[in-house]
K.L.:
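Please see the structure below; I have some questions.
Lettering of chains follows the sequences in order, A, B, ..., and the numbering in each one begins at 1.
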There are 2 protein chains.
Amino acid sequence: MSILVLGTVALDSVKTPFGLRKDILGGSAVHFAMGARIFTRVNLVAIVGKDFPEKHIRFLHKKGIILTSLAKEHGHTFRWEGEYRGNLDCALTLNTELGVLSAFRPSIQRSQRDIGYIFLANVDPDIQRRLLENMRLPKLIGLDSMNYWIKHKRRSLLRLLKRVDIFVANEEEAKSLTGEHSLINAAKGLHCRGARMVLIKKGEHGVLLYADNFIFSVPAYPTARVIDPTGAGDTFAGGFMGYLAMKGKVNQANIKKAAAYGTVAASFNIEGFGVERSARLGRRDLEQRLKKLRSFTSF
Amino acid sequence: MSILVLGTVALDSVKTPFGLRKDILGGSAVHFAMGARIFTRVNLVAIVGKDFPEKHIRFLHKKGIILTSLAKEHGHTFRWEGEYRGNLDCALTLNTELGVLSAFRPSIQRSQRDIGYIFLANVDPDIQRRLLENMRLPKLIGLDSMNYWIKHKRRSLLRLLKRVDIFVANEEEAKSLTGEHSLINAAKGLHCRGARMVLIKKGEHGVLLYADNFIFSVPAYPTARVIDPTGAGDTFAGGFMGYLAMKGKVNQANIKKAAAYGTVAASFNIEGFGVERSARLGRRDLEQRLKKLRSFTSF
């Protein structure tokens, strides 16, 4: 089954100890699509400005991403500028220019309203809710957010949480949204607030999944070539949701395997700037690392 | 096969959000013994002062710990006073009184010199080396240390590292000893410095094991009842080394399983103050959690 992702398409400027890139293709929806496209058709819902390079459109099209709901409006494309230092575990945002994103009202094709697998990547929770209201047959809804919305639109976000199946958060977000100190209690807290399934991203420590009747933990794939972690969480979510959409059945075994596929997809993402590495990814690359990941964790 | 542990026997005063305990039984060798005793006979090498309560000796004896090399000298027993706040992930040391530990020269029985499984828990690296020189048939040597020795006896510690099979460190220690920022690179760095196997303890994120020809990762067992984490790392090491000593064969499958047993042993330790919970632990408790841990991690 195909998948629909709402999020950002951005021009990122990134500095890491390994180099500097200016105005490269980025954004939550793009990184998500890189992870999900390996398993299923991805419908992208986002907005760009008139300055958005045609080559990026061609690139996304070539990668099989469906762009009929990618709006192009007067104004500038959303831009993010960030830097990673030390162990590259957290980004320092240097500048953000919202541009056309500030007036984004997602609009989708009639045929897209029946898509069952939906991922609401990080944008304003009111925009996420508005998109959701257009969907007629949601089968699995995933939601991501960020500290900015937890702080400024807490109520909107908590309301939305009750309507989704999967909430994806990093450690800090999970703890700040619940006020809990331990990871497992933060995961429980989000579950109590309505998310049927909680996925906590722990960077180099991997992912913790907390669901109705089970817990699952998978470590990060141990790659030593960390070049640029931007988009790792979205690539993970893409691999995770993409695998579930391909299987068409959300059971415990598929959820665990989806988290493992998301993990290995993310491990490729961080090995290059932007989508450099994740764009060249094939199913066989994932399978090889999945096999190794299994041997890293089984006893 | 039996095991020999060199370390501290202490009187701990601990404050956590769940209460306060004064002068309870603690120390690296004691916590190690609580994890290892489930699998094998533990020979404890340590020192206490004349003030050390007889009831603790009786308790250790009752738990099957061999105390023939527990020296009792004039002076005070080593005391540690600490506090845990927030998510209890790191101890704030309020006070340390070395007492008899400052003049500790370990001496062991002639028959103990042939013990093959040896764990050098956290004490001065020169004391650790001195003990090692007495051992005639080492089969597997584990080593733990702490930031204090990394800072003040770096050279002694690095020299010792070349002579051990397993180096156990927490994240911060591994990174500060190697100057590396990422976990996997820190583990590699310690491996290059001579430790055949590196075990990095990551608290609520579990353990990463880096060895000659394989990597293994196991998450912490997700318990929500964290009362007092003191000794969790030593209990882990005890379960790990104890299982290997019992099996008598150090291969990849046994190492992985040993790390899993260590993990579940540590999960009991943190559910009570001091050895309150870990002292009541039986093999069956470990098996139950091991089974669950396997389902948390397999895909």
K.L.:
Using non-hydrogen atoms and a 4.5 Å limit, figure out which bit of B/L290 sits close to chain A: side chain, backbone, both or neither.
P.N.:
both

K.L.:
When you look at CZ of B/R284, are more than 12 heavy atoms from neighbouring residues, nucleotides or ligands closer to it than 6.0 Å?
P.N.:
no

K.L.:
Pick one of side chain, backbone, both or neither for B/L293, based on which atoms fall under 4.5 Å of a heavy atom in chain A.
P.N.:
both

K.L.:
What option among B/A187, B/A259, B/P219, B/S298 has the most heavy-atom pairs under 4.5 Å with chain A?
P.N.:
B/S298

K.L.:
Taking all non-hydrogen atoms of both residues, which atom of B/I184 and which atom of A/T223 are closest, and how far apart?
P.N.:
CG2-O, 3.7 Å

K.L.:
When heavy-atom pairs shorter than 4.5 Å are enumerated against chain B, which of A/K202, A/K292, A/K257 gives the highest number?
P.N.:
A/K202

K.L.:
Rounded to the nearest 0.5 Å, how far apart are CD1 of B/I215 and OG1 of A/T297?
P.N.:
12.0 Å

K.L.:
Using the six-membered ring wherever Trp is involved, compare the ring planes of A/F299 and B/F216 and label them parallel, tilted or perpendicular (cut-offs 30° and 60°).
P.N.:
perpendicular

K.L.:
Spell out, as yes or no, whether a donor-acceptor pair under 3.5 Å connects the side chain of A/E204 to the backbone of B/L183.
P.N.:
yes

K.L.:
For the interface with chain B, which of A/H181, A/E180, A/K175, A/Q252 has the highest count of heavy-atom pairs at distances below 4.5 Å?
P.N.:
A/H181

K.L.:
Side chain, backbone, both or neither: which part of B/K188 has a non-hydrogen atom closer than 4.5 Å to chain A?
P.N.:
side chain

K.L.:
Is a donor on one side and an acceptor on the other found under 3.5 Å between the side chain of B/K256 and the backbone of A/F296?
P.N.:
no

